[in-house]
Amino acid sequence: MDVEREARRQVAVLKARTVDLLVEEELYRKLCRSLRTATPLRVKLGLDPTAPDLHIGHTVVIHKLREFQALGHHVIFLIGDFTGMIGDPSGRSETRKPLTAEQIQQNAETYKRQIFKILDPERTIIEYNSRWGKALGSEGIITLAARYTVARMLERDDFQKRYAEGRPISLHEFLYPLLQGYDSVALRADVELGGTDQKFNLLVGRELMRESGLEPQVIMTLPILEGLDGVQKMSKSLGNYIGIDEDPQTIFGKAMSIPDGLIVRYMELATAIPREEIEAVRTGMADGTVHPRDAKVRLAMGLVAQYHSAEAAEEAARWFAQTFSARQFPEDAGVVRVDEALIKDDGQVWIIQLITHCGKGTISSSEASRLVRQGGVKLDGAVVSDREYRLRLDREHQLQVGKRRFYRVLPSK
RNA sequence: GGGGAGAUACCCAAGCGGCCAAAGGGGGCAGACUGUAAAUCUGUUGGCUCAUGCCUUCGGAGGUUCGAAUCCUCCUCUCCCCA
């Protein structure tokens with residue numbers, strides 16, 4: 001095999017969709033060596049177990065890892081159970097609140113389960129940075145902290161901004177990049193991946209490796225995916241995400257709600273839809289031959305197919321067309337049995353109570369009242385606008401609250 | 001260590017003794033229009049079986065007052081300046 005040629009080919013494949021690749025020549029050399037010695041590269045991705053679910057924003061990077069695996073390399077999926085106690089200040093305008101040990105453990109389990117929807121378990125090593133982080137001790141931390149200066153820390157955008165705006169920066173936040181970098185030292189990573197907001201942290205890793213006499217890791221950054229609102233980055237805490245663990249209908253529905261401008265970007269970054277097809281969609285939408293709605297359906301199906309199955313995608317598309325395009329009441333709406341306690345002596349249920357009962361704590365009675373007043377509540381297809389409305393529960397009723405909450409209401413027995 | 005400024009609802013931010021569940025904006029939700037898109041317009045945005053009512057909420061704990069987000073005391077946290 002022509003090692004150099006193959007290494008060049010791999011570089012080209014891996015470089016696609018990246019924002020930064022530092023340093024490309026180094027990656028090439030590492031790949032050459034890997035091929036000659038038949039030693040897979042050690043590719044690191046660290047994730048703090050802060051949010052208990054992965055969303056398709058995370059998958060941008062994970063897909064890249066999958067590409068490394070496809071070329072025979074090993075992925076080290078590092079769960080930042082130690083760094084998670086600090087909380088990554090990247091891109092944040094305020095200090096994160098630390099997690100408890102239990103939360104971290106729980107979230108880590110969820111991650112493990114979810115990444116294998118994309119990654120190949122055979123080529124994945126799971127690590128926890130508490131393993132070496134705890135051993136560092138206070139002396140280790142001090143030594144580590146001595147390797148970096150305040151001025152250099154303040155080069156970071158987010159720190160600089162916060163500092164300039166007079167917002168607080170806690171001292172321990174300075175430790176985060178250092179500890180993340182130390183992970184690379186401990187793991188002897190060849191490559192580390194992250195979102196563009198991770199660039200600083202990744203670079204610190206290079207620095208620390210060099211100082212420790214190791215060959216510095218190559219760093220690769222990938223775009224940050226915007227959330228459903230199309231403006232802010234996708235994140236669980238902003239509620240603008242599509243979780244990879246969500247059910248087909250939810251994934252499909254959320255995908256259909258993104259702004260048009262995001263369709264192609266989602267396809268490129270978050271799906272396995274082939275390049276040529278994405279190009280066709282792009283040009284088709286530009287010249288008006290492809291309706292954005294249809295492009296979105298394609299995207300939505302692609303996502304469902306990836307995390308569930310092709311059949312599930314078909315099914316979700318059908319469901320969506322019926323429920324939202326044809327405005328039919330979905331057959332599989334959640335069934336709610338009404339407690340006896342809600343039924344008054346006259347055998348009737350007050351509409352407001354029915355709604356709060358169906359909402360199971362997510363809808364207050366004031367809110368239910370508001371929804372009724374605003375015409376957002378439908379019973380058996382007809383708008384209920386009288387908040388005093390009572391209903392006799394002698395059969396199944398179809399209740400719709402707002403745009404997307406559907407319930408099949410049945411008597412308790 | 002000294003001096004100054006500040007903490008208001010999901011976020012930003014006004015209010016500085018009663019008319020304050022608290023202006024305005026953002027965001028959210030609902031309605032119209034649609035493609036559950038965007039844009040736009042309208043309404044709404046603490047809770048309570050809805051009530052010229054009650055309860056909870058203006059960093060925390062006390063106090064003054066008929067009455068406090070607003071005044072006083074102490075505490076906690078943040079920022080700035082000086083050392």
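Reminder, nothing fancy here: chain letters follow the sequence lines and each chain counts from 1.
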Write down the distance separating the [atom1] atoms in [N] and [M], rounded off to the nearest Å.
{"N": "B:U44", "M": "B:A9", "atom1": "C1'", "value": "16 Å"}
{"N": "B:A22", "M": "B:A69", "atom1": "P", "value": "13 Å"}
{"N": "B:C66", "M": "B:A61", "atom1": "C1'", "value": "24 Å"}
{"N": "B:A39", "M": "B:G6", "atom1": "P", "value": "38 Å"}
{"N": "B:U65", "M": "B:C81", "atom1": "P", "value": "42 Å"}
{"N": "B:C20", "M": "B:G28", "atom1": "P", "value": "28 Å"}
{"N": "B:U8", "M": "B:U57", "atom1": "C1'", "value": "10 Å"}

Any side-chain donor-acceptor pair under 3.5 Å between A:His58 and A:Gln114?
no
Going by atom types only, do A:Gln69 and A:Asp120 share a side-chain donor-acceptor pair under 3.5 Å?
no
Identify the nucleotide, in any strand shown, that forms a Watson-Crick or G-U wobble pair with [N], with both distances under 3.5 Å; if there is none, say none.
{"N": "B:C66", "answer": "B:G18"}
{"N": "B:A7", "answer": "B:U76"}
{"N": "B:G24", "answer": "B:C12"}
{"N": "B:G43", "answer": "B:C29"}
{"N": "B:G35", "answer": "none"}
{"N": "B:A51", "answer": "none"}

With a 4.0 Å cut-off on heavy atoms, is [X] in touch with a base, just the backbone sugar-phosphate, or nothing at all?
{"X": "A:Pro292", "value": "base"}
{"X": "A:Gln353", "value": "base"}
{"X": "A:Gly166", "value": "sugar-phosphate"}
{"X": "A:Ile352", "value": "nothing"}

With a 3.5 Å cut-off and heavy atoms only, can you find an N or O donor on one side and an acceptor on the other between the side chain of [X] and the base of [N]?
{"X": "A:Gln374", "N": "B:G43", "answer": "yes"}
{"X": "A:Arg370", "N": "B:U44", "answer": "no"}
{"X": "A:Asp229", "N": "B:G27", "answer": "no"}

Where the side chain of [X] is defined as all heavy atoms beyond and including C-beta, which of [options] is the nearest nucleotide?
{"X": "A:Ser369", "options": "B:C50, B:U49, B:A37", "result": "B:C50"}
{"X": "A:Arg390", "options": "B:C48, B:U36, B:U49", "result": "B:U49"}
{"X": "A:Ser366", "options": "B:G35, B:A30, B:G47", "result": "B:G47"}
{"X": "A:His291", "options": "B:A38, B:G35, B:C29", "result": "B:G35"}
{"X": "A:Ser325", "options": "B:A37, B:U44, B:U36", "result": "B:U36"}
{"X": "A:Tyr163", "options": "B:C80, B:A30, B:G35", "result": "B:C80"}

Roughly how many Å is it from [atom1] in [X] to [atom2] in [N], rounded to a whole number?
{"X": "A:Ile355", "N": "B:C48", "atom1": "CD1", "atom2": "C1'", "answer": "16 Å"}
{"X": "A:Asp386", "N": "B:U49", "atom1": "CG", "atom2": "P", "answer": "16 Å"}
{"X": "A:Arg293", "N": "B:C33", "atom1": "CZ", "atom2": "P", "answer": "17 Å"}
{"X": "A:Asp260", "N": "B:U36", "atom1": "CG", "atom2": "P", "answer": "12 Å"}
{"X": "A:Glu367", "N": "B:C50", "atom1": "CD", "atom2": "P", "answer": "18 Å"}
{"X": "A:Asp294", "N": "B:U36", "atom1": "CG", "atom2": "P", "answer": "11 Å"}
{"X": "A:Gln400", "N": "B:U36", "atom1": "CD", "atom2": "C1'", "answer": "11 Å"}
{"X": "A:Ile242", "N": "B:U36", "atom1": "CD1", "atom2": "C1'", "answer": "13 Å"}

Carboxylate-amine/guanidinium contact [X] [Y], below 4.0 Å:
{"X": "A:Glu173", "Y": "A:Arg162", "result": "yes"}
{"X": "A:Lys30", "Y": "A:Glu215", "result": "yes"}
{"X": "A:Glu268", "Y": "A:Arg275", "result": "yes"}

Which residue, A:Ile363 or A:Arg405, contacts RNA chain B at a nucleotide closer to its 5' end, judged by nearest heavy atom?
A:Arg405
Position toward the 5' end of RNA chain B (nearest nucleotide), A:Thr356 or A:Ser257
A:Ser257
Atom CZ of A:Arg188: over 12 foreign heavy atoms under 6.0 Å:
no
Could you tell me whether the phosphate oxygens of B:U49, OP1 or OP2, come under 4.0 Å of any side-chain nitrogen or oxygen in A:Ser365?
yes
Evaluate the side-chain proximity of A:Leu379 to A:Leu391: yes if any heavy-atom separation is below 4.5 Å, no if none is.
yes
Correct closest heavy-atom pair for A:Lys64 and A:Leu14 would be NZ-O, 2.9 Å
